[in-house]
Amino acid sequence: MLTPQALERRIAGWPRAALDVPLAVGFTVVALLLGQERPPVGWRALDTGGLVLTVVTNMLLAGRRRMPVTVFTAICALSLVHVAAGYWPVIQTAAAMLALYTVAAARPPRTTGPCAGGLVALWVVSGLSNSHSDMGTVAAQSVVTPAALWWFGNAARRLARRNAQLSAVTEQLRRERDGNARRAVAEERVRIARELHDVVAHHMSVISVQAGLAHYVFTTDPDTARQALGTISGTSGEALEELRRLLAVLRVGPEGTGENGGDGAYQPAPGLARLEETAERVRAAGVPVTLEIVGERPRLPPGPDLCAYRVVQEALTNVIKHARPAAATVRVEFRPHQLTVRVTDDGGRRVPANPGPSDGHGLIGMRERARIYGGTLAAGPRDHGGFEVRLTLPLQPAAGSPSAAGAARERDGPGHDGKR
């Protein structure tokens with residue numbers, strides 16, 4: 001047995017024109033029942049011809065949506081025949097009113113106006129056909145009823161048009177939402193791939209070098225082999241920690257907890273504060289690293305902080321993989337509104353400087369990170385040998401930090417420090 005909701009959904013799926021046939025049948029039954037009543041003085045009762053005329057007139061409503069003007073014209077013509085034959089005109093009134101409403105709901109006012117005038121004329125003729133009719137009542141009905149039908153039908157037409165426009169806008173918004181969702185997924189995949197590359201490439205490069213060293217001196221220099229194995233252990237542990245942090249971000253739930261609610265908040269992303277650890281790890285891999293910090297370090301936002309750290313990490317990884325045993329220098333300069341990071345190595349080859357883009361995924365990832373935060377990254381061989389990676393990021397000092405206060409004093413000049 002169908003529930004009311006299921007029946008409503010099934011009816012909503014039917015073509016709207018298919019519902020007009022039962023409606024026409026209902027109007028026909030009502031008109032026939034009305035015709036069985038005793039007509040007022042001056043009108044004749046329905047006979048066989050009247051019954052046939054009534055059935056034909058009301059059944060025309062089955063085509064009112066497909067041909068509204070034609071159906072209205074035909075109903076008015078048959079109603080005029082009905083009145084001319086002396087039958088009570090009220091029997092056909094409901095069909096004519098519904099036909100006019102349909103025209104007003106489906107056609108613009110320039111078409112509805114003449115149709116409303118035709119209904120007015122039909123009712124006036126019906127009133128004049130019977131000397132017992134009250135012409136005041138006939139005149140009032142002839143004006144008020146068609147005007148009301150026109151107003152309601154026109155309102156329905158405008159509402160249907162607005163609904164169609166709303167449906168089109170909704171569909172467009174849905175397509176845009178789906179497109180934004182696909183772009184967000186693609187961007188997130190790129191970000192995850194970049195993070196995995198930065199984590200895995202750096203740590204695995206160090207582990208590979210240390211594993212080779214341990215294998216080489218395993219029997220001849222046990223102390224060096226143990227030191228290399230210790231570096232491998234520490235580096236792999238740090239790699240696992242960063243991978244866990246990345247995976248925790250992917251399955252993060254409400255308020256920074258895991259999706260199951262019991263994994264705890266994930267650890268903060270690494271930043272420039274861990275440069276010394278990274279430098280020590282690279283030194284253990286056989287690459288001497290000099291770390292230079294210039295300027296007062298402000299409280300950096302997490303995004304630029306992670307960006308600068310990943311650039312240094314990737315640049316040092318490239319030194320391990322491609323320039324060993326060259327020495328590397330990491331220089332970090334903190335300025336009031338700018339952060340500059342330079343990673344250079346003294347590789348033995350002398351090649352002309354070439355600032356053009358590289359095909360490596362590491363440099364592509366670094367450039368993408370720099371662009372995200374409005375910075376620039378240049379990378380290429382140096383004229384006097386070696387390779388250089390230079391990152392420049394614009395910075396906005398955090399509110400309340402000493403750098404922010406200093407920048408404000410520098411901007412406002414003397415006499416604006418709150419003291420006189």
Side-chain angles (χ1 to χ4, degrees), residues 16-17 19-21 23-32 34-35 39-44 46 49-164:
R16 297 180 63 185
L19 300 177
D20 289 335
V21 175
L23 182 65
V25 173
F27 268 69
T28 302
V29 172
V30 171
L32 292 175
L34 186 61
V41 178
W43 302 108
R44 55 185 291 197
L46 287 182
L51 292 174
V52 173
L53 189 60
T54 300
V55 171
V56 173
T57 302
N58 286 270
M59 286 305 298
L60 286 174
L61 293 173
R64 67 187 184 94
R65 294 185 191 274
R66 292 188 293 270
M67 299 176 294
V69 177
T70 302
V71 168
F72 174 80
T73 304
I75 288 178
C76 287
L78 293 176
S79 297
L80 188 60
V81 173
H82 184 90
V83 172
Y87 300 117
W88 189 23
V90 175
I91 298 174
Q92 311 287 18
T93 299
M97 293 172 60
L98 180 59
L100 177 61
Y101 171 83
T102 304
V103 172
R107 296 293 185 265
R110 63 176 179 270
T111 302
T112 310
C115 292
L119 184 60
V120 170
L122 174 64
W123 283 2
V124 171
V125 170
S126 300
L128 295 174
S129 299
N130 191 340
S131 59
H132 299 281
S133 299
D134 184 356
M135 293 307 299
T137 303
V138 171
Q141 291 177 345
S142 300
V143 173
V144 174
T145 304
L149 292 172
W150 175 87
W151 189 87
F152 282 110
N154 191 57
R157 181 182 60 84
R158 288 182 296 178
L159 179 61
R161 184 175 59 186
R162 284 197 296 267
N163 288 340

Looking at side-chain heavy atoms only, is the closest gap between V71 and R66 below 4.5 Å? no

For residues L51 and L32, determine if any side-chain heavy atom of one lies less than 4.5 Å from a side-chain heavy atom of the other. yes

Approximate separation, where rounding is to 0.5 Å, of W43 CH2 and H82 NE2: 8.5 Å

With a 4.5 Å cut-off on side-chain heavy atoms, are L122 and L80 touching? yes

Any chance you could lay out the side chain to side chain contact (heavy atoms under 4.5 Å, CB included) test for L78 and L53, step after step, and finish with the verdict? CA-CA 7 Å; L78 293 176; L53 189 60; 3.9 Å; yes

Residue pair P109 / N154, side-chain heavy-atom distance below 4.5 Å: yes

Side chain to side chain, P146 and W123, heavy atoms closer than 4.5 Å: yes

Which atom names give the shortest non-hydrogen contact between A104 and L149, and what distance separates them? CB-O, 4.1 Å

Find out whether L98 and L23 are in side-chain contact, i.e. whether some heavy atom of one side chain is under 4.5 Å from a heavy atom of the other. yes

Just to verify, which of L100, T73, V103 counts as forming a side chain to side chain contact (heavy atoms under 4.5 Å, CB included) with P68? V103

Shortest non-hydrogen contact between A31 and N58, atoms and distance: CB-ND2, 3.5 Å

To the nearest 0.5 Å, tell me how far R157 CZ sits from F152 CZ. 15.5 Å

With sequence neighbours excluded, give me every side-chain hydrogen bond (donor to acceptor under 3.5 Å, both in side chains) pair touching residues 99-114. R64-T102

Heavy atoms, side chains only, cut-off 4.5 Å: are W88 and L34 in contact? yes

Looking at CD1 of I91 and OG of S79, how far apart are the two atoms once the value is rounded to the nearest 0.5 Å? 10.5 Å

Just one of V55, T57, V56 clears the side chain to side chain contact (heavy atoms under 4.5 Å, CB included) bar with M59, so which one? V55

Just jot down the side-chain contact (heavy atoms from CB on, under 4.5 Å) partners of V124, sequence neighbours excluded, or say none. V120, L128, S142

